[in-house]
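One structure is given here, and the rest of the page talks about it.
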Number of protein chains: 2
Amino acid sequence: MDRSIQDVARLVGTTSRTLRHYDRMGLLPPSRLGSNGYRYYDDGALVRLQRILLLRDLGLGLPAIADVLNREMEPARALQKHLELLRQEQERLARQIASVSMTIEQLEGGEQLMAENMFDGFDHTQYKDEVEQRWGAEAYASGDRWWTGMTDTERSGWKARTAQLGADWTAAAEQGIAANSDAAQELARRHYEWLSGVPGLPSSGGRPSKEYFLGLGDMYVADDRFAANYGGREGAAFVRDAMKFFADRHL
Amino acid sequence: MDRSIQDVARLVGTTSRTLRHYDRMGLLPPSRLGSNGYRYYDDGALVRLQRILLLRDLGLGLPAIADVLNREMEPARALQKHLELLRQEQERLARQIASVSMTIEQLEGGEQLMAENMFDGFDHTQYKDEVEQRWGAEAYASGDRWWTGMTDTERSGWKARTAQLGADWTAAAEQGIAANSDAAQELARRHYEWLSGVPGLPSSGGRPSKEYFLGLGDMYVADDRFAANYGGREGAAFVRDAMKFFADRHL
DNA sequence: CGTTGACCTTGACGTTGCGTCAACCTATAC
DNA sequence: GTATAGGTTGACGCAACGTCAAGGTCAACG
């Protein structure tokens, strides 16, 4: 009752290459080896193969299948674990589909694929690593580029506010006004509002947290790429001081 | 204004390895190469990189991204094509989730992972290659093992009918009755009904097509693995004749 | 001027599950 | 004997990089 590798392959609807693969990785050794090196499979091997293919069709990986068949893991538990992965994949796909759909709409609305210099160096998602170290990875775990969810008008509006804010900060710094002056504090308030328009930041109740706001000010000074937007290090120091004053008062 | 590879990587939230990868595959060459071999990127390269990452986040493959950026394909059309793939993936996932969920329920209902010898050699999905050559691949394109969608009772019922049908055919063949006799035609009718319970077959209006039914009869004779279920080649020939008679009358 | 540490280079293997040759031996049938 | 089908062991390919490995370069510090 032993069958050759081709017989088995046709019988279960797969290929001999697959069976050799399963053999080499120890997932399904043939029940007998001919003196010529041929692989022969008996009914027991067939049953095991059917189980393998069943689990494979359910989407499990071969190592996971091996765990189940070698009784190193409860089938139900393995499937439960796998089910969660599948659900996550599905959610990821759903988000991606939404993003792609919106992007298509924007493109058909005559917009370019991406405005040049859209962020003017303000893209906070750039500082993924630094921020993650301070506030944990989950704040950025979504991985989506948040601005893909913005409409055309929203984006251009945000871009304009961003540029204006940077210019106003720079001007104020050059005038040498005090960080706790009303003008500087008004700028700090605008800065906070502007930040609130960036989803995905570490926030408490929909708005950036005090810790994030303060940390951000420090980064403006510490990082030249940021500082450049506020008139260099001195300007950035002024911004940071104003932000700290604002945060202590209102956050 | 040229930036080193690490600067760029941190700036956009990726790694230098990725940038080298994009360089080697021609997707994003550096704007300048130092005499020391260092890669330097200007603002133009940064814009291109941003577009690459945007499209990548939408799930496009790098070759597809290259097509878009090299203006060999309309962005909107590329995204539309991609959107269809995503939708198909999502449907596939949904079906898989349903299958996994049902399997878990069965397992928790105390059932084994799979009954041994469930198909008694009748599994038509075995003959994927042969049937695909005759009726096209799309009939089996779904790839799902249809019976995973059956409940416990459905499966055992189908299994019983299958075994009974094979036994009845064999008995009739051994009695030497005519293929166009009423008894043989009744068997042919039962065979057709039985086949109808196998989703995924090439059908016209929910039931197997005449072509499939006739081709199946031929295969019963031509293939010993099938013939064995009907009492060998002679029995299979009887079955085929009865099926042809039935098909000409009723299909 | 030497050293340290950060950053750069190319090269190559690993990942997942096989498909697809390539080169060569074996079994079966006419 | 030979044609044909089927068996064997490599080894590369795919997608998009992660991850060493080994070694050259650059800026700063003492």
Side-chain angles (χ1 to χ4, degrees), chain A residues 2-41 49 52-67 82 85-86 89 92 96 129 143 224, chain B residues 2-41 49 52-67 69 82 85-86 89 92 96 128-130 132 137 143 222-225:
Chain A
D2 285 5
R3 272 157 283 224
S4 76
I5 195 169
Q6 277 285 18
D7 283 351
V8 173
R10 272 195 295 249
L11 196 58
V12 300
T14 184
T15 71
S16 57
R17 176 68 177 86
T18 298
L19 296 177
R20 275 191 282 269
H21 185 56
Y22 291 169
D23 181 12
R24 187 157 43 95
M25 71 184 297
L27 183 57
L28 179 69
S31 52
R32 187 167 66 82
L33 231 68
S35 58
N36 44 16
Y38 284 24
R39 294 171 176 82
Y40 294 103
Y41 299 83
L49 176 55
I52 291 172
L53 296 179
L54 165 59
L55 293 173
R56 191 193 62 174
D57 286 353
L58 293 178
L60 273 82
L62 298 189
I65 293 176
D67 284 347
H82 181 56
L85 291 180
L86 288 179
E89 253 311 275
R92 211 181 52 79
Q96 220 170 52
D129 291 346
D224 282 338
Chain B
D2 284 3
R3 272 157 282 224
S4 76
I5 195 168
Q6 276 287 16
D7 283 352
V8 173
R10 273 194 293 251
L11 196 58
V12 301
T14 183
T15 70
S16 57
R17 176 67 177 88
T18 298
L19 296 176
R20 275 190 284 269
H21 184 56
Y22 292 169
D23 180 13
R24 186 150 40 106
M25 70 183 297
L27 183 56
L28 179 69
S31 52
R32 189 167 65 81
L33 231 69
S35 59
N36 45 17
Y38 284 22
R39 293 171 176 80
Y40 294 102
Y41 299 83
L49 177 55
I52 290 172
L53 296 179
L54 165 60
L55 293 173
R56 193 191 62 172
D57 285 354
L58 293 179
L60 272 82
L62 299 189
I65 293 176
D67 285 346
L69 292 189
H82 181 56
L85 291 181
L86 288 178
E89 254 310 276
R92 210 181 52 78
Q96 220 170 52
K128 204 163 156 285
D129 291 345
E130 290 92 328
E132 276 187 356
D223 194 313
D224 282 339
R225 295 170 313 216

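Keep in mind the model is a prediction, meaning the values are calculated, not measured. Atom set for the values below is all heavy atoms of this structure, side chains included, hydrogens, waters and symmetry mates excluded. To find a chain, count down the sequence lines: A is the first, B the second, and so on, and within it residues start at 1.
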Relative to the 5' end of DNA chain C, which residue comes earlier, A:Met25 or A:Asn36, by the nucleotide with the nearest heavy atom? A:Met25
Student check: side-chain heavy atoms of A:Tyr22 and A:Ile52 closer than 4.5 Å: yes
Is there a side-chain contact between A:Tyr22 and the phosphate of C:dC18, meaning an N or O under 4.0 Å from OP1 or OP2? yes
Whole angstroms only, please: what is the CG-C1' distance between B:Leu85 and D:dA15? 15 Å
Could you check whether any side-chain heavy atom of A:Leu19 comes within less than 4.5 Å of a side-chain heavy atom of A:Arg39, counting everything from C-beta outward? no
Within-4.5 Å side-chain heavy-atom neighbours: B:His21 and B:Leu62: yes
Can you find a side chain N or O atom of B:Thr18 that sits less than 4.0 Å from OP1 or OP2 on D:dG18? yes
Distance in angstrom units between B:Asp7 CG and D:dA27 C1', rounded: 14 Å
Given B:Val8, B:Leu49, B:Asp2, the one that forms side chain to side chain contact (heavy atoms under 4.5 Å, CB included) with B:Tyr41: B:Val8
Nearest-Å distance, NE2 (A:His21) to P (C:dT20)? 15 Å
Taking OP1 and OP2 of C:dG19, is either one under 4.0 Å from a side-chain nitrogen or oxygen of A:Thr15? yes
Protein-nucleotide distance (B:Arg17, atom CZ; C:dG11, atom P), rounded to Å: 12 Å
N or O in side chain of B:Arg39 less than 4.0 angstrom from C:dT9 OP1/OP2: yes
Separation of B:Leu19 atom CG from D:dG18 atom C1', in whole Å? 14 Å
Can you tell me how far C1' of C:dA27 sits from CD1 of A:Ile5, to the nearest Å? 16 Å
Sugar-phosphate, base or nothing in reach of A:Gly61, heavy atoms under 4.0 Å: sugar-phosphate
Would you tell me if any nitrogen or oxygen in the side chain of B:Arg56 comes within less than 4.0 Å of OP1 or OP2 on D:dA15? no
A:Arg24 CZ to D:dT8 P, in whole Å, measures 13 Å
Under 4.0 Å, heavy atoms only, any strand: does A:Ser4 hit a base, just the sugar-phosphate, or nothing? sugar-phosphate
Among C:dC18, D:dC17, C:dT26, which nucleotide has an atom closest to any side-chain atom of A:Leu62? C:dC18
Is A:Arg20 close enough to D:dT8 that one of its side-chain N or O atoms is under 4.0 Å from OP1 or OP2 there? yes
Under a 3.5 Å distance rule, please check whether B:Ser31 uses its side chain to pair with a backbone N or O of B:Tyr40 as donor and acceptor. yes
Could you give the CG-to-C1' distance, from A:Leu60 to C:dG17, as a whole number of Å? 14 Å
